[in-house]
2 protein chains.
Amino acid sequence: MPAARGGRPPTIRSVAEHAGVSKSLVSLVLRGSPRVSEARRRAVLDAVRELGYRPNATARHLTERRSHTVGVLLNDLRNPWFVECLEGLNSVFHAHDLRMFLGDGRLDRRTDEALTQGFLELPVDGMVLVGTMPESAVIAEAAATLPTVVASSRDFDLPGVPVFANDDRHGAALAVRHLADLGHRHIAHLAGSFGAVARLRRESYEQTMRAHGLGEHIRVERCDLTEEGGYRAAVRLLTGPRRPTALFAVNDMACVGALSAAEELGIAVPGELSLVGYDNTYLARIRHLSLTTVDNASHEVGRNAAKALLDRIAGRADGAGEHLLPPELRIRSSTAPPTRLTTS
Amino acid sequence: MPAARGGRPPTIRSVAEHAGVSKSLVSLVLRGSPRVSEARRRAVLDAVRELGYRPNATARHLTERRSHTVGVLLNDLRNPWFVECLEGLNSVFHAHDLRMFLGDGRLDRRTDEALTQGFLELPVDGMVLVGTMPESAVIAEAAATLPTVVASSRDFDLPGVPVFANDDRHGAALAVRHLADLGHRHIAHLAGSFGAVARLRRESYEQTMRAHGLGEHIRVERCDLTEEGGYRAAVRLLTGPRRPTALFAVNDMACVGALSAAEELGIAVPGELSLVGYDNTYLARIRHLSLTTVDNASHEVGRNAAKALLDRIAGRADGAGEHLLPPELRIRSSTAPPTRLTTS
DNA sequence: TTGAAAGCGCTAACAC
DNA sequence: GTGTTAGCGCTTTCAA
């Protein structure tokens, strides 16, 4: 590896000299052009091998005026939900030779903006906004400058920026209907404390409750979208008067928190309390938790968002607006009909 | 935002013309040089604002001959353990204006190599190898070319490449000793099926068992490091003859799988079976799971690895070899003394 | 203090 | 087919 020992690494120029050809010929060979004689091709390839030459992507990006990189902004890598969505994005981008620059804004606007600024300066070829995050002028500006798509967030209404997500209203309705059909009447909701997704799920919860004639039993407790948040909100709900027999949580993390709360309070799940989450993360699938939940199709949302971004990068800017995938209820072991005792 | 409407985005040249100065002066102002007159500085800054100029990082990287980017190679973003470590890395890199390029090799050597190749070609300023992954000639070559550090893997023995990890032998010993001290004798081990970390934990399990006079009760069942793998291995162990009263799992994911298996088989935890995991991920901290586990200090491992990489990037290549942090036992609700009935 | 000029390593017309 | 010539947008000598 000559590149490793001192001196500068070999460039396309060194290769050209070594092979006795011109820079451009080397470039042609390396990019697989068919208009090159076999002899020259061999000479170039040999030189490449002998020198241990490696193309410099930064230089290529500069002349090509694209970085083959997309910026992905999200809000909390700790939420297992993101991983699914990232896989979806990655499967498409990878097939098109695009790298992902991951930026986790930690729900902090300043961090988001710094990351976005970085995307703009690189500049990346496109940007994906994943999940709920605070709005920001910098993001809006970036979205106006860069091909951009939104995945699994309903917070943005940026001109010309398509939104890919699951239908949160429909998903929440599925959850509530499932509980109502089981015979529950006192169905409470652990609601997210911010973001359009949380709002949609809450509104749909309320609407569905009313549609089932349960309007008087509507009960919303806010929490943040973590296990701890779910736990605390559930404790408030379960220790107060008129204890609900069922809980629909804004996401799986909060739902697990609720499960813990129930256990700690000696309330049997699903015997005395039914629980429904949202997202169908691997958390819900863990047998020992086995949560009934709503599958939000995050992998496919990711795939669709990525495809749309490719289109936009290629100049095809069609299909703005919302593209909602139908969510599906996954019934597991955390829901059951209410027992006589606990029904009112 | 003039940058947004058609045409090319403004460059340092446009700014120079607009401000009536030279390119180099603009560069000086932008980089905060003190040797610039106030008048010119204002003129440049005004031009920047008026044109909506944004520096192009790619171009800068080309001339500076560094990309302000480090490549991070890991093996499965689904494992919550990584997130902790990434946070540790990020906290340090962020403070030094380095971005992270995340590559998830999914435990696939070809993917690893493709990602590494990408790092080499960018080229990144340095590389971090995180967690167990298959060895590879490409990675070894990259490590010889690029400043490199290893975090939480014991698989690599690359010349001059420092390794940061927790002391897996010690951690496993803590786990086994805890179980032995509780009075368990039939302590089995769910072992990882590959990688040096899994091997160290297994070896230490065996050694500690012998040290406690329990050599004859050593029992190892291999599994992969997922919930599913842990579940299956535990089923084999718990349905066979001479059922163990305690299980030490190679990591938390596998341990959760074992918990599920026990539940399904009607074996009470910790009444009839004690369980210890490894990593102290948030999984273990979920109240409803509440696993006794070994904290591997992953956040600090990440921090230390990042600091060492900074040193190497800066040319200070001291401190190769292994740097092991002491792990700590976290006792939760999945361990208890064995009951008379189940002890043999 | 400021400007001119020479690259960084590569691609892309355009000619031969 | 192949080589020559300009750049890509920026930093950095080196003079002035």
Side-chain angles (χ1 to χ4, degrees), chain A residues 2-3 7-45 47-48 51-69 97 118 120-125, chain B residues 2-3 7-45 47-48 51-69 97 118 120-125:
Chain A
R8 298 255 190 91
T11 72
I12 199 174
R13 182 177 230 115
S14 351
V15 174
E17 283 166 8
H18 195 89
V21 300
S22 76
K23 270 170 41 176
S24 5
L25 219 249
V26 176
S27 181
L28 284 180
V29 170
L30 262 31
R31 322 198 46 250
S33 162
R35 317 144 137 27
V36 174
S37 71
E38 197 47 38
R40 304 277 197 179
R41 181 192 307 286
R42 293 203 72 78
V44 169
L45 260 23
V48 164
L51 296 176
Y53 166 78
R54 229 181 314 269
N56 179 312
T58 299
R60 170 148 27 117
H61 298 165
L62 186 58
T63 55
E64 282 184 343
R65 245 95 116 277
R66 50 178 299 195
S67 57
H68 294 275
T69 300
D97 280 315
L120 277 169
E121 294 188 358
L122 196 52
V124 297
D125 296 347
Chain B
R8 298 256 191 89
T11 72
I12 198 174
R13 184 178 226 114
S14 353
V15 174
E17 283 167 8
H18 195 91
V21 300
S22 75
K23 270 169 37 174
S24 2
L25 216 257
V26 176
S27 182
L28 284 181
V29 171
L30 261 31
R31 322 197 45 255
S33 162
R35 318 144 136 23
V36 174
S37 69
E38 196 48 36
R40 304 275 197 176
R41 179 191 308 287
R42 294 204 72 78
V44 168
L45 261 21
V48 164
L51 295 177
Y53 167 78
R54 229 181 313 268
N56 179 313
T58 299
R60 170 148 27 116
H61 298 165
L62 186 59
T63 53
E64 282 183 345
R65 245 93 116 278
R66 51 177 299 195
S67 57
H68 294 276
T69 301
D97 279 316
L120 277 169
E121 293 188 358
L122 197 52
V124 297
D125 296 347

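Each chain gets a letter, A, B and so on, in the order the sequences are listed, and its residues count up from 1.
Rounding to the nearest 0.5 Å places CD of Glu17(A) at 10.5 Å from NZ of Lys23(A). Taken to the nearest 0.5 Å, the CZ atom of Arg60(B) stands 6.5 Å off from the CD atom of Glu121(A). Here the OH atom belonging to Tyr53(A) is positioned 4.5 Å from the CD1 atom belonging to Ile12(A), to the nearest 0.5 angstrom. For the atom pair CZ (Arg40(B)) and OG (Ser22(B)), the distance works out to 8.5 Å, reported to the nearest 0.5 Å.
Remark: the backbone N or O of His68(B) is paired with a side-chain donor or acceptor of Asp125(B) at under 3.5 angstrom. Remark: side-chain polar atoms of Arg41(B) are paired, donor with acceptor, to backbone N or O of Ser33(B) under 3.5 angstrom.
For the pair Leu30(B) CG and dT12(D) P, the computed distance is 13 Å after rounding to whole Å. Across the protein-nucleic acid pair, Leu122(A) atom CG and dG9(D) atom C1' stand 13 Å apart, rounded to whole Å. Across the protein-nucleic acid pair, Arg60(A) atom CZ and dC10(C) atom P stand 9 Å apart, rounded to whole Å. Taking atom CZ of Arg66(B) as the reference point, atom C1' of dG9(C) lies 18 Å away to the nearest angstrom. Put simply, CD1 on Ile12(A) is 16 Å from C1' on dG7(C), counting in whole angstrom units.
When the options Val21(A), Leu25(A), Val26(A), Leu45(A) are evaluated for a side chain to side chain contact (heavy atoms under 4.5 Å, CB included) with Val15(A), the one that passes is Val26(A).
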Between the protein and nucleotides 6-8 of chain D, which nitrogen or oxygen pairs are less than 3.5 angstrom apart?
none

Under 3.5 Å, which N/O atoms of the protein pair with N/O atoms of nucleotides 14-16 of chain C?
none

Just the table, please: protein N/O against nucleotides 1-3 of chain D N/O, every pair under 3.5 Å.
from	atom 1	to	atom 2	distance (Å)
dT2(D)	OP1	Ser37(A)	OG	2.7
dT2(D)	OP1	Arg40(A)	NE	3.2
dT2(D)	OP2	Ser37(A)	N	2.6
dT2(D)	OP2	Ser37(A)	OG	3.0
dG3(D)	OP2	Ser22(A)	N	3.3

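Leu62(B) is not listed as a side-chain neighbour of Thr58(B), based on a closest heavy-atom distance of 4.5 Å or more. Using a 4.5 Å heavy-atom cutoff, the side chains of His61(A) and Leu122(B) are in contact.
Closest heavy-atom contact between Ser27(A) and Arg31(A): O-CG, 2.7 Å. When all heavy atoms of Ala19(B) and Ala47(B) are compared, the closest pair comes out as CB-CB, 3.9 Å.
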